[in-house]
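Since the structure comes first, as structure tokens, the remarks are kept for the end.
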Amino acid sequence: MTPIDLTYAPLADNHCHGIYLAQKAMDIASWRQHFTEASAPAMRNTHVATTLFYRRLMRAMAEFLACEVTEDAVLQARQKYDDRSLIRMYLQAANIEVLFLDKGYPSADLTLSDAEHAELANCRVAPMLRVELLMQDLIAKYDTLPRVTEALKAALHDVRGQGYVALKSIAAYRTGLDIRTWNNDDSNAAFVEARREVQVNGAVRLVHKPLLDTLLHVTFAEAARQELPIQFHTGYGDADADMLLANPLNLRAVLERKEYRSMPIVLLHESYPYTRQGAYLAAVYEHVYLDLSYGVPFLGYNEMLNFTRAAFDVAPFSKLLYSSDGFGVPEIHWLSARDGRSILGQVLGERVANGEIDIAEAEAVGRSVLRDNALRVYG
Ligand SMILES: [Zn+2]
């Protein structure tokens, strides 16, 4: 089997997050914390360093920074660069054409601006709006649900006009993807509870299901009218997520709504471990796409091969979009770019060896998953 060489294929990273301005004021524990979703101290103190992801990262960094393959040597070599040179070096090595940035996390005061990302990576930046944060702000501001609903419609009236290319929802981690239609009594009762939290804390974390679901339907109507894509976090994610509720099959009621079909839906994180289910949805619903993320979740190489094979065997190629889900440190964006290209190259090479496609087709498919499909979906 000869792998398809995608080393120089440009990338549109369709789902990632901002990079911290300050890279170096980091001890080992806070450095390792970037490579786990778990917050328990024993995870970063001991267990993170024993994942295949982390070992692969250390080896790749040692090669890139020309130092010994030990954690100490790698982190010392990293410290020698100033923040901007470090970020520039990694991002330019990743050969990125567009970064699609979720502006909801990490917070803007800690991260590079869009213009700085663009300059350091020598790429374009396409920002995306995280809807739950917008909803939380509006709930803190307005004292009735009808006023919040009106304000949300107004805020989402012309999303592209505000410079965003897509919406993003983290409902999977808050109240689950089984987004329902609630009666007024239920959604109002949830609103009253959320407002109580605003009065006590000055802000609300939106985990009130009837309220979040109701506001999501308002959001979907606006997005569908503008033919605007929305990304859903699915599968693997925050440590407090109920993984059963993050299974993309829970989205059925939303997917079935005819009036939402003009809203392209991107299922993030290859819906891991529900990749087959996510790929299946991309195969049966015209408006569903599957994101293949090679940074997060933090997997061994073999499992990344497995999810890629499953995605290619189930979903149409035109529905698969590359991403890193990198955040905070540039190493995730960079390692993902290397791994994504090589894994896609290997899986496509296997398909050529099977006689399913020829080499020219395989190269074109690789480039469309790495770049072209995202540019088409987000416009
Ligand atoms: Zn993300």
Side-chain angles (χ1 to χ4, degrees), residues 11-20 33-39 53 91 94 96 98-108 110-112 114 117 121 123 125-136 164-177 205-206 216 219 229-243 245-248 251 264-275 278 288-299 304 307 311 320-337 339-340 374 377-378:
L11 281 189
D13 188 342
N14 104 98
H15 163 223
C16 63
H17 302 260
I19 292 173
Y20 298 135
Q33 185 63 53
H34 291 93
F35 311 106
T36 175
E37 295 285 341
S39 53
F53 175 91
L91 294 184
I96 297 162
V98 194
L99 286 172
F100 290 84
L101 288 182
D102 170 3
K103 304 297 289 176
Y105 177 84
S107 75
L110 297 176
T111 51
L112 300 169
D114 292 353
H117 279 101
C123 74
V125 165
M128 298 182 292
L129 175 67
R130 192 183 278 215
V131 292
E132 284 80 8
L133 296 185
L134 170 63
M135 293 169 184
Q136 288 176 177
Y164 296 106
V165 300
L167 302 175
K168 161 139 178 207
S169 169
I170 53 164
Y173 305 155
R174 294 291 180 85
T175 54
L177 292 173
R205 185 168 187 273
L206 183 49
L216 282 171
T219 302
I230 185 165
Q231 300 187 340
F232 284 101
H233 263 286
T234 59
Y236 181 99
D238 295 10
D240 61 349
D242 180 340
M243 284 284 273
L245 296 175
N247 184 329
L251 279 170
I265 291 176
V266 181
L267 308 174
L268 297 180
H269 292 164
E270 55 273 354
S271 301
Y272 190 84
Y274 307 112
T275 305
V288 173
Y289 295 81
L290 185 68
D291 162 64
L292 299 179
S293 169
Y294 294 93
V296 184
F298 306 107
L299 299 174
M304 294 198 290
F307 79 62
L320 302 175
L321 314 177
Y322 165 86
S323 84
S324 68
D325 197 16
F327 64 96
V329 294
E331 280 86 354
I332 306 176
H333 300 72
W334 163 78
L335 186 68
S336 172
D339 290 344
V377 172
Y378 300 100

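Order of listing sets the numbers, starting from 1, for every ligand and every atom in it.
Y164 pairs by the ring-ring contact (aromatic ring centres under 6.0 Å, His included) definition with nothing, not counting sequence neighbours. With sequence neighbours excluded, no residue forms a ring-ring contact (aromatic ring centres under 6.0 Å, His included) with Y236.
In the model, E132 has a side-chain atom that pairs as donor or acceptor with a side-chain atom of S169 under 3.5 Å.
Taking 2.8 Å as the criterion, C16 does not count as a coordinating residue of the Zn ion (ligand 1), since none of its N, O or S atoms falls below it. Coordination check, H269 versus the Zn ion (ligand 1): failed, since every N/O/S atom of the residue sits at 2.8 Å or beyond.
Formation of a donor-acceptor pair under 3.5 Å by the R174 side chain with backbone atoms of L206 is found in this model.
Shortest distance from the Zn ion (ligand 1) to D325 is reached at OD1 (N/O/S atoms only).
The angle that H15 NE2 and H17 NE2 make at the Zn ion (ligand 1), rounded to 10°, works out to 110°.
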